[in-house]
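Throughout, protein chains are lettered first and strands after them, A, B, ... in sequence-line order, and every chain is numbered starting at 1.
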Amino acid sequence: MQLPIYMDYQATTPVDPRVLEAMLPFFTQAYGNAASRNHAFGWKAEEAVDAAREACASIIGASSKEIVFTSGSTEAINLAMKGVAEMYGHKGKHVITSLAEHKAVLDTAKHLEKQGFEVTYLKPDKNGRTTAADVAAALREDTILVSIMWANNEVGTVNDVRGIGELCHEKGVLFFTDATQAVGKIPVDVAADHVDLLCFSGHKIYGPKGVGALYVRRRNPRVRLVAQMDGGGHERGMRSGTLNVPGIAGLGEACRLAQAELETEAARAIALRERLQQKIEAELDFVHLNGDAEHRLPGCLNLSFNFVEGESLLMGVKDLAVSSGSACTSASLEPSHVLRSMDVGDDLAHSSIRFGLGRFTTEEEVDFAARQVIDTVKRLREMSPLYEMVVEEGIDLSTVNWQGGH
Amino acid sequence: MAYSDKVLDHYNNPRNVGALDKKSENVGTGVVGAPECGDVMKLQIEVDGDRIVDAKFKTFGCGSAIASSSLATEWVKGKTLDEALSISNTEIVQELSLPPVKIHCSVLAEDAIKAAVNDFKAKRATTAQEQSAK
Ligand SMILES: Cc1ncc(COP(=O)(O)O)c(C=O)c1O
C-alpha cells in the first residue's frame with residue numbers, strides 16, 4: 001500500500017490505463033483535425049470523435065447528435081445556462097436553481113442576474129436534497145429554466161431528478177442538470193428522467209481533464225442554444241474550436257468502460273463506503289453523516305466529528321488525501337456553502353471530511369483510513385476542552401458565555 | 001498549508017495536555033475563544049506563593065492553536081505571575097514561525113495565560129477577603 005492514500009475521487013480521478021491507451025494514437029499518429037474533410041488524417045480523427053460521441057450518448061440514453069463536446073463541465077454549464085437564457089429570454093426572465101449547486105452553476109446564475117434575470121435559489125433539506133415539490137413551489141409563469149444538479153459533489157446526495165424532470169416537462173420549462181458526479185456512477189437516462197440538458201466531465205470518470213460533454217435534447221422539445229464561443233461553427237454551431245481529439249477519444253473510452261462496469265463498480269464502491277463508515281462509527285461517538293442516508297452516491301462519504309477542529313483533524317490524517325468542508329485559509333473560517341445550505345452548524349461544518357472512494361480504492365486502504373481517522377479524532381478529543389465540557393461535565397455548549405472569540 | 005517543524009512537533013507531542021482541579025485554591029483557569037470561531041483554549045496554572053509550579057491545557061483548534069497553547073504551558077511553568085503576564089503573542093509567533101493568518105492563535109494563547117492568572121488572582125483576593133472577614 002502506497003502513502004498517501006488517494007480518497008478524493010469527487011475532486012478528480014486518475015486516468016484509467018485503458019483510457020490512456022485509447023488516447024495515445026491521437027497525439028502522434030492519428031493527429032488530424034477532425035474537421036479536415038480532404039484526407040485520411042482528418043477522416044481518422046473524425047471516426048474517433050464519432051465513436052466517442054456514440055459512447056457519450058449511450059451512457060446517458062441519448063442519441064449521438066445530441067452531444068456537444070466541451071472543455072469540461074464548467075464550460076458546459078456556462079453554455080447551457082447562458083445559451084438557454086439568451087435564446088429564450090424573450091419568453092421569461094426567471095430561473096430556478098439550488099443553493100447546494102457547484103460554483104460553476106451558482107456563478108453562472110449570478111451572471112444571469114446581472115443580465116436582468118431573476119433567480120430563485122432553492123434551499124435543500126437538511127440532507128442536501130431538492131425534490132420536485134420544492135421546484136413546483138418556485139415555478140412561475142415566466143420560468144424558462146430549472147437547473148438542479150443530479151448528485152452533489154460535497155455530500156453525495158442524489159436529487160429527485162426524475163420527479164423534477166417530469167414536472168418541468170409537464171409545465172413546459174427546460175430542465176438542465178449538472179450530472180458531473182452522477183454519470184458513470186449511477187444510472188442516468190435522459191429519456192426516462194425527462195432531462196433537456198445535461199453535462200458531465202472526463203476527469204470525474206477516469207478520463208482526462210479538460211474535456212466534457214453537454215447533452216442538448218433534439219426533440220420533445222428541441223432545445224436551442226445561443227453559442228457562447230464564436231468561430232468555425234464546430235459542434236453544429238454550438239461550440240466552435242478545433243476538437244480535442246485525444247481528449248474526446250479518452251472521454252469516449254471512459255464512458256464505454258463506466259457503462260459496462262457500472263453495476264459491479266457501484267456495488268463495490270458502496271461496500272467500501274459502508275465498511276469505512278461502520279469501522280469509524282464502531283469506535284467513535286458523536287459522528288454525523290452529512291448528506292442523505294438513502295439517496296446518495298456510491299463512493300462518497302461525508303462525516304463530521306464533534307469537538308474536533310477541521311484543520312487539526314486534517315493534520316492528523318496526514319496519510320489520507322481527503323477534502324474538508326471548510327477552507328481555513330484565513331483567520332475567519334469559511335464553512336462550505338453546501339453544508340451551510342443544509343443548516344449544518346459552523347462547528348460541525350469545520351470538522352467535516354469528505355472521503356471519496358473509487359475504482360482503485362482497496363479494502364486495505366479503507367481499513368488504514370478508518371484507523372487513522374479514529375486515532376486522530378480520539379487524540380484530539382482527549383485534548384479538546386469541548387469534549388471534556390460536554391462528555392465529562394454535561395455542559396450544554398450553547399449556554400456557555402464564550403470569552404474573547406476571534 | 002506548510003507547518004513549521006516546531007508547530008508539527010507540538011501538534012504531534014503536545015506538552016502538558018490535561019486538567020488541574022478547577023476548584024483548588026491554588027489553581028487558576030482561563031478559557032478563551034469560541035467553538036464557532038474554530039478555537040477554544042483552556043489553560044490552567046497551579047501557583048505556589050507567587051510562582052507557577054504546574055500548567056495544563058486543552059485546546060480545540062487548528063495545529064497552530066494547539067502548538068501555541070502547548071508552548072504557553074511550557075513557558076509559564078516556573079515563572080512568577082508577573083513574568084507570565086509579560087509573555088506576549090509576538091514571542092509565540094517568533095518561536096513557532098506562525099504565518100500571518102495564524103497570528104490570532106498566538107493572541108488567543110496570550111489571552112489564555114492572562115485569563116488563567118487573573119482567575120487565580122481573583123480567587124486569592126476572595127479567599128483573603130473571606131479570611132479577613134472571619
Ligand atoms: C458537480 C460538479 N459540477 C461541475 C464541476 C466542474 O467540472 P469541470 O472540472 O469539468 O469544469 C465539478 C467538478 O469540479 C463538479 O463536481
Of the backbone (N, CA, C, O) and the side chain (C-beta and beyond), which part of A:F307 lies under 4.5 Å from a heavy atom of chain B, both, or neither? backbone
I want to check something: taking the side chain as every heavy atom from C-beta on, are A:R381 and B:K58 in contact at a cut-off of under 4.5 Å? no
Return the minimal non-hydrogen interatomic distance between A:S312 and B:G63, and the atom names on each side. CB-N, 4.0 Å
Verdict with supporting geometry, A:E311 and B:Y3, side-chain contact (heavy atoms from CB on, under 4.5 Å): CA-CA 12 Å; A:E311 197 184 315; B:Y3 300 94; 2.8 Å; yes
Please walk me through it: do B:I66 and A:L380 pass side-chain contact (heavy atoms from CB on, under 4.5 Å)? CA-CA 10 Å; B:I66 290 170; A:L380 291 174; 3.9 Å; yes
Assess whether atom CD of A:E281 is packed by more than 12 heavy atoms of other residues, nucleotides or ligands within 6.0 Å. yes
For B:Y11, is the NZ or CZ atom of A:R379 found under 6.0 angstrom from the centre of its six-membered ring and inside 45 degrees of the ring axis? yes
With rounding to the nearest 0.5 Å, note down the distance linking SG in B:C37 to NE2 in A:H350. 8.0 Å
Nearest heavy-atom neighbours spanning B:G38 and A:E309: O-CG, 3.4 Å
Exceeds 12 heavy-atom contacts within 6.0 angstrom, atom CG of A:D396: yes
With a cut-off of 6.0 Å (strictly less than), are more than 12 heavy atoms of other residues, nucleotides or ligands near NZ of A:K123? yes
State, yes or no, whether a side-chain contact exists between B:P14 and A:M383 at a heavy-atom distance under 4.5 Å. yes
Please state whether the side chain, the backbone, both or neither of B:K56 comes within less than 4.5 Å of a heavy atom of chain A. neither
Has A:E392 got more than 12 heavy atoms of other residues, nucleotides or ligands less than 6.0 Å from its CD? yes
Could you look at B:V40 and say if it's the side chain, the backbone, both or neither that has a heavy atom under 4.5 Å from chain A? both
Considering only heavy atoms from C-beta outward, does the side chain of A:S384 approach that of B:T59 to under 4.5 Å? no
With a 6.0 Å cut-off (strictly less than), is the heavy-atom count around NZ of B:K121, excluding the residue itself, greater than 12? yes
Heavy-atom cut-off 4.5 Å, strictly under: side chain, backbone, both or neither for A:S398 against chain B? neither
Strictly below 4.0 Å, N to O, side chains only: are B:K42 and A:E388 in salt-bridge contact? yes
